[in-house]
Every structure is written in C-alpha cells, then in structure tokens.
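Atoms within a ligand are numbered from 1 in the order they appear, just like the ligands themselves. Heads up: numbering here begins at 1 and tracks the sequence.
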Amino acid sequence: MSEQARVLPMVVPEEGLPERVTIYEVGPRDGLQNEAAVVPVAVKAELVRRLVAAGLPVVETTSFVHPRWVPQLADAAELLEELGRLSVPAPVLVPNARGLDRALEAGVEHVAVFASATQTFAEKNLAAGLDSQMAMFEPVVSRALEAGLDVRAYVSMCFGDPWEGAVPVDQVVSVGRRLLDLGASQLSLGDTIGVGTAGQVGSIVESFAAAGVGTERLALHFHDTYGQALANVHAGLRHGITTFDASAGGLGGCPYAESATGNLATEDLVWFLTGLGIQHGVDLDAVVATSVWMSEQLGKPMASAVARALAP
Ligand code: MG
C-alpha cells in the first residue's frame with residue numbers, strides 16, 4: 001500500500017490582502033485562564049517555549065489577576081521567573097494597579113489591560129461602569145508608560161454581549177478611542193462570545209477609521225463558538241487588518257456560552273493564511289504538535305479542526 005501524500009493547504013493568493021500578518025498568541029493566558037484544569041507551571045513554561053520555537057512572534061504568557069478570580073494563573077510570577085527572557089515579546093495582562101506592580105517586579109516589558117465595550121460586562125467583570133473603567137485604567141496605563149512598557153488594550157464584547165445583545169458600534173469606537181488616548185499602542189477588539197459576523201467586522205473597522213484609528217492600531221480577537229472565526233478573519237484581512245489573536249489548539253472554552261469552542265485556534269489561522277499566500281512565519285507542524293501535547297496534558301480533545309485533521 002502506498003503512503004498517502006502529506007496534506008498541505010492549497011496556496012492561491014487573493015488580490016488586495018495584506019502580504020504579511022502578525023499572529024498574536026494568547027493560548028497560555030487567555031486559553032489557560034478559561035480551561036477548568038489547573039496546569040503545573042513547568043507545563044505552562046514548556047507550552048510558551050514550544051510556541052516561541054514554532055515561530056509565534058508574540059506570546060502572551062499570563063495574567064497578574066488576583067488568584068481568587070483566576071486560580072488557573074495564580075503562578076504568574078513563578079512562570080515568568082521560570083521562563084526568563086524570551087526571544088519574542090511576552091506580554092502579561094494587568095487588570096489593575098496591583099497587577100502592574102507585580103508585572104514591574106517581574107521585569108515585564110509588555111503589558112495588556114482588559115476593558116469592556118458594554119456597561120453590563122464592565123460591571124460583572126471589572127466591578128466598574130463603562131466610564132469608570134477608564135478611571136481605573138488611567139493610572140495603570142500612565143505608570144506603565146512612564147516605566148517604558150508597551151501597553152495593549154483589549155476591548156471585550158465588541159461584537160455582541162450576552163446580557164445586552166447588540167452593541168452599538170459607536171460605543172465600541174468610543175471605548176477604543178479613549179484607551180488609545182490613554183496611551184495604548186494597540187487595541188484588540190474581542191468577539192468574546194463569538195457572535196460576530198463578517199459584514200460586522202468591516203463595519204467596525206471602518207467606524208474606527210472614521211474616528212481616526214487606522215488598521216495598524218487594531219487587532220482582531222475572534223472566538224469560534226459559532227464557526228465564524230475564519231470568515232471574520234477574512235473580512236478583517238479585506239479591510240487591511242494585519243494582527244489577529246489566536247490560541248494554540250483553540251485553548252480556552254467560552255465562559256459565556258455552553259460550547260466546546262472558544263478562541264480561534266492558531267493552527268486553523270495558520271492554515272488559512274498559508275492558503276492565501278500570506279506570510280506569518282509560523283510552523284504549522286510545530287503548532288499542531290504543541291496542541292496535541294497540550295491536549296494530553298489537559299486530558300481533553302483539541303478544539304482545532306486542523307489539529308484534529310493533521311494529528312498523527
Ligand atoms: Mg479570547
């Protein structure tokens with residue numbers, strides 16, 4: 001019996017899309033914080049190292065959130081010490097001033113803050129309002145900038161909110177604009193519950209452009225809950241977006257929907273971009289091998305279709 005040929009994506013470039021894309025890996029932070037299992041620090045360190053070795057140009061490693069809220073990431077300081085200095089930017093999430101203190105103590109150079117585009121989620125997740133969250137971030141961001149750090153700002157619930165339903169695009173732009181005005185270098189617009197649709201992506205990107213925010217300041221963060229993540233990436237590419245968040249193996253369930261799938265899987269994004277002839281610098285096989293290994297550690301199947309198809 002002859003061996004089957006290795007399956008690779010068919011590469012057919014599409015005119016008008018960016019030549020190169022940055023894949024911003026969030027698996028160790030956003031992924032693991034939403035997994036039920038608490039993973040040993042040595043496994044987390046190996047996950048980060050494998051992702052860096054696979055060519056991911058930025059790997060968000062952990063969060064200095066209070067362990068009471070996210071026990072999965074209670075070992076943030078230990079993990080950073082274990083990792084030492086990496087060859088790529090390794091941002092950490094800092095939810096508040098105390099989180100920033102801990103990040104500075106750990107010698108971190110890139111941080112991220114996590115805001116909400118809706119009042120209800122700001123209340124539930126941040127114990128703040130749509131306006132008062134800014135008062136919370138202002139001293140964190142300004143102190144981070146004074147210390148020479150780069151600050152990314154996540155905006156969650158940009159495409160829909162489980163309590164409020166539709167989210168007015170002007171509200172999303174207003175929250176994003178204020179975070180950039182505080183000094184954030186990039187906004188990551190999150191479809192936290194995965195309800196976003198392709199036309200909506202273009203509408204949001206264009207609304208930011210109308211408010212003077214170019215595509216170079218925007219990243220898109222999709223969840224595959226309804227199977228729309230790659231369609232939404234395609235819409236983002238057509239509107240000139242060049243940074244997309246993804247999580248190896250699709251790590252991270254969706255905390256607000258009873259679904260197995262959360263974050264867009266890195267290998268699904270890699271396959272998709274490769275097929276379009278877009279450069280990304282990431283080794284597909286290395287990411288798949290990492291996801292297979294990680295799913296063994298977690299004792300659960302991979303959410304990524306590409307990893308399932310390619311896994312040995
Ligand atoms: Mg996410």
Side-chain angles (χ1 to χ4, degrees), residues 22-37 39 44 47-48 51 56 58-63 65 69-70 72-73 90-95 111-118 121-122 124-126 152-162 167 172 175-176 179 186-197 200-201 204 218-233 236 241 243-270 272 287 291 294 298 300 302-305 307:
T22 298
I23 302 179
Y24 185 109
E25 172 65 44
V26 297
R29 196 278 300 170
D30 187 24
L32 292 185
Q33 93 171 44
N34 291 306
E35 292 289 343
V39 176
K44 289 176 181 166
L47 174 63
V48 172
L51 292 168
L56 269 315
V58 49
V59 180
E60 196 164 286
T61 51
T62 187
S63 168
V65 64
W69 307 125
V70 184
Q72 293 93 327
L73 303 184
V92 300
L93 195 71
V94 292
V111 293
V113 297
F114 194 84
S116 171
T118 68
F121 191 61
K124 287 183 185 288
N125 195 52
L126 306 167
R152 173 185 234 224
Y154 285 95
V155 186
S156 52
M157 303 299 177
C158 293
F159 294 76
D161 176 288
V167 180
V172 176
V175 168
L179 290 161
Q186 183 180 64
L187 297 176
S188 170
L189 306 176
D191 182 10
T192 314
I193 54 172
V195 294
T197 51
Q200 192 186 7
V201 174
I204 289 182
L218 299 177
L220 295 174
H221 182 116
F222 293 124
H223 284 196
D224 208 27
T225 321
Y226 297 88
Q228 304 302 300
L230 287 177
N232 291 340
V233 168
I241 297 292
T243 301
F244 295 90
D245 296 359
S247 172
L251 282 176
C254 180
Y256 308 100
E258 291 296 325
S259 161
T261 53
N263 289 304
L264 166 62
T266 307
E267 52 271 57
D268 294 8
L269 178 59
V270 167
F272 183 72
V287 178
S291 298
M294 196 61 215
L298 290 168
K300 60 176 264 195
M302 294 162 291
S304 159

S.K.: Please name the atom of His223, limited to N, O or S, that comes nearest to the Mg ion (ligand 1).
M.R.: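 Result: NE2.
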S.K.: Here's a test for you: under side-chain contact (heavy atoms from CB on, under 4.5 Å), which of Val26, Leu47, Leu51 qualifies with Val59?
M.R.: Leu51
S.K.: Would you call Asp245-Arg152 a salt bridge at under 4.0 Å N-O?
M.R.: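 Looking at Arg152 together with Asp245, the answer is yes, because their closest N to O distance falls below 4.0 Å.
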S.K.: Any side-chain heavy atom of Arg29 sitting closer than 4.5 Å to one from Val65?
M.R.: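 Counting from C-beta outward, Arg29 and Val65 never come under 4.5 Å.
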S.K.: N/O/S atom of Ser247 under 2.8 Å from the Mg ion (ligand 1), yes or no?
M.R.: no
S.K.: The Mg ion (ligand 1) is nearest to which N, O or S atom of Asp30?
M.R.: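 It is OD2, the N, O or S atom of Asp30 closest to the Mg ion (ligand 1).
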S.K.: Which of the N/O/S atoms in His221 sits closest to the Mg ion (ligand 1)?
M.R.: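 Sorting the N, O and S atoms of His221 by distance to the Mg ion (ligand 1) puts NE2 first.
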S.K.: Got a second to check how far Leu264's CG is from Ile23's CD1, nearest 0.5 Å?
M.R.: 9.0 Å
